[in-house]
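Inspection log for the structure reproduced underneath, given as structure tokens.
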Amino acid sequence: MRDLRHHREALALNTATLGHRSPIEAVIDKCAAHGFGAIAPWRRDLEGRRLADVAARIRDRGLTVTGYCRSTYFTHASHAERQAAIDDNARAIDEAAAIGAASFVLVVGGVPDGMHDIAAARQQAIDGVGALLERARTVGVALAIEPIHPMGAAGRSVVNTLAQALDWCDALDPERQGGLGLMVDAYHVWWDPDLEAGIARACRDGRVLGYHVSDWLRDTRDLVTDRGMMGDGVIDLRRIRGLLEAAGYRGPVEVEIFSATDWWVRPEDEVLEFCMSRLLDVC
Ligand code: ZN
């Protein structure tokens, strides 16, 4: 396994970890100052900005961009809404390219209001991803499907396991032409009894586009905004990175913590210090 102390380029910060409190310029500067080598901005961070300026600042601070977060949901009751989502995601792919992001992170959406057919919602999501693949390839941004914990199947994502996301990749990209893969988030997949097989398959197929870390608090209070700092919960993060690297993964290890009542209300420098020390010590 890599000693991350010698791999600054692999130490990545997802800007959601700081709770979107400061302007992106300040977050970029702090990210670099704390020793990270990569950053994953959200669309909301870039509102009102010239993307070329943001891209230049990221480069000047010696950072790369892992993933751009994240897609508008593809699943909707009406065709018009589904098409609007595809159009919006196409614009986001262009933004991702403009800031030099390696991938665009897809959270595909849950079961739409008024619907009771999860299979149909899944087909909507597959169709939506498929509609964007050519554009993503053209601009050189890979589409990273992020499987979400099954408790999020109704509200946020109908793709819930590594195996399922890999099946979608196979269906959409049977020749493995690239530009399509997975964002593996430890928070969403740690519980899966088939985790080891899923990681092995994903790496073998060249589908792992990134790896997110945080921790699952035993007494979690909110399934979206109560993630723990690495080392404070139940996930064996070192084992999961070990599985990824044993299967050939050499990409970033990205901290992504949504924490409305804890880390988002602590001083940013304190949060970044914790992130860095836990990345090095427990991930
Ligand atoms: Zn994630």
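One-based numbering, in listed order, for ligands and for the atoms of each. Predicted, not measured: the structure shown is a model, and the values here were computed from it.
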State the CG-NE2 distance between L279 and H34, to the nearest 0.5 angstrom.
13.0 Å
Contact check, side chains of W190 and V234, non-hydrogen atoms, under 4.5 Å:
yes
Of all the N, O or S atoms in E146, which has the shortest distance to the Zn ion (ligand 1)?
OE2
Ring centres under 6.0 Å, that's the criterion: do H149 and W216 meet it?
yes
Can you confirm whether or not the ring centre of Y68 sits under 6.0 Å from the ring centre of W42?
no
Angle at the Zn ion (ligand 1) between OD2 of D185 and OE1 of E256, to 10°?
90°
Would you check if the Zn ion (ligand 1) lies under 2.8 Å from any N, O or S atom of H212?
yes
